[in-house]
Structures are given as structure tokens and as C-alpha cells.
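A short write-up of the structure that comes next.
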Number of protein chains: 2
Amino acid sequence: MVTLAEVAQHAGVSASTVSYVLSGKRSISAGTRQRVERSIQELGYHPNAGARALASSRSNIIALMVPLRTDMYVPVMMEIAIAVATNARTHGYDVLLLTGEEGPDAVRRVTGSGLADAMILMDVELDDERLPLLRETDQPSVLIGLPADTTGLTCVDLDFGATGALCAEHLALLGHRDIAVIGEAPAVYERHTGFAERTLDGLRSRSRELGLRVLHRPCEGGYDAMALTLARILDERPGTTGFVVQNESAVEPLLALLRREGRAVPEDVSVIAICPDQVATQASVRLTSVAIPAQDMGRHAVEHLIAKLEGRDKDEVVLIAPELTVRASTGPAPAAP
Amino acid sequence: MVTLAEVAQHAGVSASTVSYVLSGKRSISAGTRQRVERSIQELGYHPNAGARALASSRSNIIALMVPLRTDMYVPVMMEIAIAVATNARTHGYDVLLLTGEEGPDAVRRVTGSGLADAMILMDVELDDERLPLLRETDQPSVLIGLPADTTGLTCVDLDFGATGALCAEHLALLGHRDIAVIGEAPAVYERHTGFAERTLDGLRSRSRELGLRVLHRPCEGGYDAMALTLARILDERPGTTGFVVQNESAVEPLLALLRREGRAVPEDVSVIAICPDQVATQASVRLTSVAIPAQDMGRHAVEHLIAKLEGRDKDEVVLIAPELTVRASTGPAPAAP
DNA sequence: ATCCGTTGTCGAAGCGCTTCGACAACCTAT
DNA sequence: ATAGGTTGTCGAAGCGCTTCGACAACGGAT
């Protein structure tokens with residue numbers, strides 16, 4: 001293991017000089033800098049992370065808390081996690097992966113031990129028990145998701161309210177009048193993760209303005225659950241011609257069931273999905289969709305966190321504007337019979 | 001920030017005593033231990049990670065390199081990552097998330113800086129460029145996946161050879177004679193990740209013994225690609241009655257296409273998928289499948305790594321035995337016309 | 001009573017780095 | 001020629017912990 005001192009000796013300078021070459025916190029003559037850099041190269045020197053953390057009280061690590069559950073939107077979570085890791089690296093940070101298992105204790109542990117300089121929390125619940133802790137430490141943090149009370153917090157999320165509104169507008173514009181929302185599993189609503197409710201609120205209020213009738217049904221996903229849900233919807237509102245699906249695992253079942261029912265997409269009914277682009281393009285019908293911008297969310301989270309670490313930037317809520325991509329699953333409402 | 005020294009003072013003992021209470025490396029009288037533990041509680045002490053790492057030259061961190069790609073088996077990757085993180089915690093380790101982006105440099109950086117005590121590499125290629133580095137450092141590591149040359153390495157993977165054989169046996173037992181393998185995208189084969197080839201080898205050699213005829217076709221996944229692939233298979237071998245699918249995103253398209261062709265599953269054709277259980281149970285037909293045991297893989301990887309860190313355990317290749325679960329997509333081959 | 005082996009505690013060194021103040025050496029303005 | 005300001009480098013302190021050797025205190029064996 002090569003140390004700073006060895007590099008210093010090899011380059012014929014003092015340890016502090018090497019340190020300043022590395023950090024750039026004091027000016028160094030071009031000659032000295034080059035000699036030091038050559039020595040670093042030749043010896044294959046890597047600064048020791050622990051020593052650095054101890055001396056500077058900064059670990060250059062960002063903690064990322066991911067949900068333990070793997071029941072929902074896993075690819076999105078993964079994409080966010082990878083985006084966080086990649087973006088963090090470009091700012092010189094590494095990412096520590098924490099699962100939700102430890103719960104609030106993980107926040108205490110990481111904050112207390114100086115393991116990480118900052119945290120990113122995913123899958124935030126409306127009344128998340130980690131939030132009080134976060135507020136009382138001075139550890140910078142960013143949430144991905146939106147709790148009920150955002151005072152003193154920085155949050156990044158897709159604007160699900162606007163997403164719902166966008167779906168309503170698109171269907172209204174095509175002449176649909178009766179639409180159904182197929183939502184996440186009931187467990188998701190009970191967990192109060194917020195995004196599902198916000199989508200629904202946005203969709204409902206815009207629908208009211210546009211004169212759309214909305215029926216909302218949570219759905220477990222999978223074929224059997226979807227079959228039941230669809231039957232109930234069509235039973236209650238036979239005239240339903242527009243569907244908004246916010247549940248990855250209900251998308252394909254819905255399409256299959258509509259096909260089986262003899263309802264053509266998009267001739268008889270239109271379907272909008274709220275899902276990653278990959279799902280929308282790989283489905284059996286190329287789906288009109290509002291994408292979940294996982295990459296953007298990860299990037300924004302990191303950038304705001306870095307800003308906070310550097311003392312710029314104050315708390316704020318960043319809502320990413322939704323974008324609706326029209327594909328082959330939506331079309332004009334059929335003429336009333 | 002509470003320090004060891006403060007705890008020591010509060011408890012009326014020396015710093016080293018507190019340290020020994022924490023580590024248990026020397027015997028401490030019951031009374032002293034209790035006083036120290038109370039002080040720790042009262043002051044809310046958390047050992048400083050950097051100082052600890054510096055003094056002990058052990059960071060208690062395991063680095064996990066995940067692939068940057070999100071084009072394949074993402075849920076599996078995520079599940080493994082989470083299993084790794086969870087299991088690592090039970091052994092007192094945290095997990096550092098590295099993406100493949102840095103490539104071999106990440107190995108150098110982590111090893112050199114003492115950031116992590118050990119590494120787990122996912123998505124290992126047959127001739128992975130990170131392997132030489134791994135072999136020449138004394139950093140303990142475990143691969144998830146199997147490279148061409150495993151000397152001096154510890155690897156954990158599903159036994160894909162046995163998986164292939166198992167599929168062949170199941171279909172043969174049901175009386176099928178002509179079977180087709182729908183594989184991963186050509187890119188996966190070109191990348192030489194190995195698992196796809198191993199499955200095929202296992203399946204082919206067992207098929208030879210059992211008198212099965214095998215046709216193998218890579219497939220991009222998605223409806224269009226699958227339609228083309230299926231058409232080619234049925235054109236070339238109209239008598240094909242068994243399918244083995246090793247490609248998550250081809251499963252549902254295949255089922256839909258078979259339905260459209262009027263071939264009933266499992267009456268006319270049988271389908272076995274090699275995929276996570278969740279996919280198998282949520283598909284439009286409950287699929288007979290060989291599960292990809294993500295949890296087990298993560299757990300094994302961590303346990304072997306810990307064993308190596310503690311000086312037990314030598315290098316070895318751990319192949320997890322595949323398990324075939326019979327569901328509703330396989331049945332007796334139809335009587336020959 | 002003496003010696004030896006345990007057991008429990010302490011002091012001090014040191015892990016490899018950052019950072020502060022000090023200070024030559026030089027340049028520029030008087 | 002001198003004062004004052006830069007610029008580049010160094011030495012030393014110290015971050016909070018682990019760990020080694022030392023050693024008092026005590027018990028049991030002789």
C-alpha cells in the first residue's frame with residue numbers, strides 16, 4: 001500500500017505539498033506539480049479513503065436508501081439507483097446502498113458514524129418515519145418522492161398531478177367521455193406512497209373541468225386480478241372507452257383481455273399507460289404513455305444533493321414535468337351507438 | 001459528534017477499555033461493560049467510520065459492481081443487489097454500489113484506496129477484463145456468474161448447464177420430440193456472458209441422450225422480433241411441440257403469438273421458461289419454469305465473501321442446483337398426426 | 001509465604017491524511 | 001535600497017480509533 005509520505009519522498013517534496021497537489025487548495029508551481037504527478041503515476045498511489053475521511057471529516061460517499069420491497073416498479077428503482085451511482089461518480093462521490101430494512105436506524109447510523117456525507121431516500125411515504133430524523137440532523141438529503149409535509153426538505157419527483165391531468169386531456173381531446181383508471185395494488189394506496197393518489201387527484205380535477213366521467217379501480221396486477229377488475233368496470237360503465245393504467249403488471253393483461261373481449265385498441269378503446277418507455281414500446285400494442293423519467297430523477301437528486309453539500313441551493317420541491325408520447329394505443333373515441 | 005474519548009470519560013474508564021467493550025477482543029468485567037454500555041446509550045455514541053477504517057485498516061464495506069446496462073433481467077439484478085445488501089448488513093458490512101461504467105479502474109480505485117474490504121462482481125463476462133486485476137490483488141472477491149477461466153476465483157451462479165438438461169428431461173418425459181430454444185438477444189451471446197451458452201450446451205447434450213431434436217434461435221424480445229423468430233422456427237420444424245424460453249421479454253409475446261396461431265398451451269405445445277418466479281406466475285398462462293434464484297445467489301455470494309474475509313473458505317465454484325416447477329404451460333405431447 | 005498464570009484495565013503509539021501557520025524566496029513599487 | 005505583497009513549500013498538529021505491551025490485582029498451586 002503506497003502512502004502519501006512515500007509519494008512525497010519519491011518526488012522530493014513534503015507530504016503537505018503532495019496533498020495540495022491532490023486537492024488544489026493551494027497554488028503549486030508547475031514543476032513541482034508535474035514531479036508529484038509523475039511519482040503518483042509511477043508508484044500507483046491511491047489516497048486512503050479512511051484517512052481522508054478522518055482528516056477531512058468528509059467521506060465522499062452518498063447513501064442511497066432503496067425500498068426493500070421488490071413488488072413495484074423494480075426496473076424503475078434500478079434505473080434510478082444506477083443513475084444516482086453514475087451521476088455521483090462524476091462529482092467524485094461513491095454510493096452506499098442501504099435497504100429499507102433497517103428503517104430509521106439506518107439514518108441514525110449513517111449520520112452518526114460519518115459513513116456518508118449525505119443521503120438520498122427513495123420510496124418515501126406520505127408520513128415517513130425517517131423524516132423527523134432527517135430534519136433534526138444537518139445531514140444534507142434529497143427525497144425521491146413526495147411526503148405530506150415537505151417543509152425543510154428537498155424532494156424530486158415526477159409531477160404525478162400533472163401526469164393525471166395530461167392523461168385526461170389527451171383522452172378528452174380524442175372525444176372520450178367515460179374513462180377508467182386502473183391503479184396500483186390496494187397495498188400501494190394503503191402504504192400512502194402518495195404518487196398514486198396525486199395522479200388520481202390530477203386526473204379527476206382536470207376531468208371535471210373537461211366533463212369526463214372517471215371510474216377508479218386499484219388492481220393487483222396479473223391476469224386474474226385484471227380480469228376481475230375489467231369485468232367490474234365494464235359492468236358498471238359499459239360505455240367506458242378510455243383506460244389509464246398506472247401499474248406495470250396490469251398493462252399486458254389488460255391488452256390481452258380487451259383483445260379477448262373483441263374490443264380493438266385503439267379503434268374501440270384507447271389505453272394510456274404510466275410506465276417506463278421500455279414497457280410502453282415492448283407491449284403487444286405500442287402504447288401511448290407518460291414516461292417515468294428514472295434517469296432524470298436520479299440525476300436531479302444527485303445534483304441537488306451536491307449543491308447542498310457545497311452550500312449552494314436551498315430546500316425546494318422539484319417536480320419534473322410529465323411528457324406524453326402518443327403511440328398506437330390511443331385514437332378517437334368511437335361514434336356513440 | 002460524540003467520540004470514544006467522551007464515552008470513556010463519561011463512564012470513568014480509558015478509551016481503550018471502551019474500544020474493547022465495543023470489539024469484544026479482550027475480556028471486560030461485567031460491571032465495567034455495563035457502565036460503558038450505558039454511557040454509549042446516553043450519549044448516543046456512534047463510532048466514526050473513517051477513524052475506524054484508518055486504525056484497523058478494515059472498512060467494513062463490500063463493493064458491489066452492477067452492470068450499467070438495464071437491458072436484461074433487471075428485476076433479477078435488483079433482487080440480487082438487495083439480497084447482497086441485506087445479507088451484508090447481518091454480517092456488519094455495508095455495501096458500496098459501483099456501476100460497470102468505470103470498468104477495471106473501479107477495481108483499482110477501490111482496492112487501492114481501501115474503500116472496501118472485498119468485492120462482488122455481477123454480470124461477469126467469459127473473458128472479463130477485471131479478472132486479471134482481481135487475481136493479482138489480495139482483495140477477497142466473489143463473482144456472480146461464471147468466466148471462462150475460474151482458477152483462483154470464487155464464483156456463484158445458477159447451474160445453467162443443469163438447467164438446460166432439466167428442461168430437456170421434462171419435455172422428453174412428456175413425450176415431446178422436436179423442441180425449440182428461444183434464447184437471449186444476439187447481443188447477449190456476442191457479449192459472451194456464458195450463461196446462455198451453458199444452458200444451451202446442457203440442453204443439447206441431454207437432448208442427444210434422450211433423442212430430442214433441438215432448434216436454437218436467439219431473439220431480441222418484444223412482439224415483432226418474436227413473431228419473426230416463431231415463424232422461422234415453425235417453418236423449419238413444423239412439428240415443434242416444446243419451447244424453452246430464456247428471455248424475459250420474449251415470454252409474453254410467445255404466448256400471445258401461439259394463441260393467435262391457434263396453438264393451445266399446453267394442449268398443442270408446451271412452454272418452459274427460465275425466469276424469475278414472479279414472471280412465471282404473472283404471465284397469461286401460469287408457466288412451468290426454472291426459477292432464477294436471485295436471493296440465493298446474493299446470499300451465497302455474501303456468505304462466501306465473509307468466509308474469505310475471515311480466512312476460512314478457499315476459492316471454489318458454487319453452482320446452485322436448478323429447480324423446475326411444473327405449472328400450467330407444459331403437458332403431454334399431442335399424438336402424432 | 002512464594003511463585004505463576006489469569007483477568008481486567010490503562011497509556012501510548014500510530015494508522016494516512018488535511019490543514020494551519022510559518023517562512024523563505026521572489027517580485028514590484030517606492 | 002527597502003518595505004510590502006505574492007507565491008510556493010514545509011513542519012507539525014491532530015482527526016478518532018485500534019492495538020500492543022505493561023502492569024496491578026487476584027487466585028490457586030506449591
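Letters A, B, ... mirror the listed sequences (proteins, then strands); counts begin at 1. Computed from a predicted model, the values in this text were never measured in an experiment.
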Could you tell me which residues satisfy salt bridge (charged side-chain N to carboxylate O under 4.0 Å, His left out) with E129(B), sequence neighbours excluded, listed by chain and number? none
All side chain to side chain donor-acceptor pair (under 3.5 Å) counterparts of S39(A), not counting sequence neighbours: H10(A)
pair R299(B)-Q295(B): side-chain heavy atoms closer than 4.5 Å: no
For the helix from dA1(C)-dT30(D) to dT30(C)-dA1(D), measure the angle between the helix axis at one end and the axis at the other, each built from five pairs, rounding to 10°. 40°
From the 5' end of DNA chain C to its 3' end, which nucleotides mark the outer limits of contact with chain B, defined by a 4.0 Å heavy-atom distance cut-off (strictly under)? dT7(C) to dG16(C)
A55(B) vs S56(A), nearer the 5' end of DNA chain C by closest nucleotide: A55(B)
Among residues 21-42 of chain A, which residues get a heavy atom nearer than 4.0 Å to DNA chain C? K25(A), R26(A)
Going by the salt bridge (charged side-chain N to carboxylate O under 4.0 Å, His left out) test, which pairs reach into residues 22-39 of chain B, not counting sequence neighbours? R38(B)-E42(B)
Over all atoms of both residues, closest heavy-atom pair of P147(A) and C155(A): CD-SG, 3.8 Å
Pairs where residues 54-63 of chain A contributes a residue and the test salt bridge (charged side-chain N to carboxylate O under 4.0 Å, His left out) is met, not counting sequence neighbours: R58(A)-D117(A)
Residue pairs fulfilling salt bridge (charged side-chain N to carboxylate O under 4.0 Å, His left out) with at least one residue in residues 132-146 of chain A, sequence neighbours excluded: R135(A)-D149(A)
Go through residues 9-19 of chain A and report each residue with a non-hydrogen atom lying under 4.0 Å from DNA chain C, sorted by number. S16(A), S19(A)
Look at atom CG of D105(A) and say whether more than 12 heavy atoms of other residues, nucleotides or ligands are closer to it than 6.0 Å. yes
Is the number of heavy atoms from other residues, nucleotides or ligands under 6.0 Å of Q41(A) CD greater than 12? no
With sequence neighbours left out, write down each residue that passes side chain to side chain donor-acceptor pair (under 3.5 Å) with Q9(B), or none if nothing qualifies. none
Residue pairs meeting salt bridge (charged side-chain N to carboxylate O under 4.0 Å, His left out), one or both in residues 5-20 of chain A, sequence neighbours left out, come to none
Partners passing salt bridge (charged side-chain N to carboxylate O under 4.0 Å, His left out) against D157(A) (at least two apart in sequence or in another chain): R198(A)
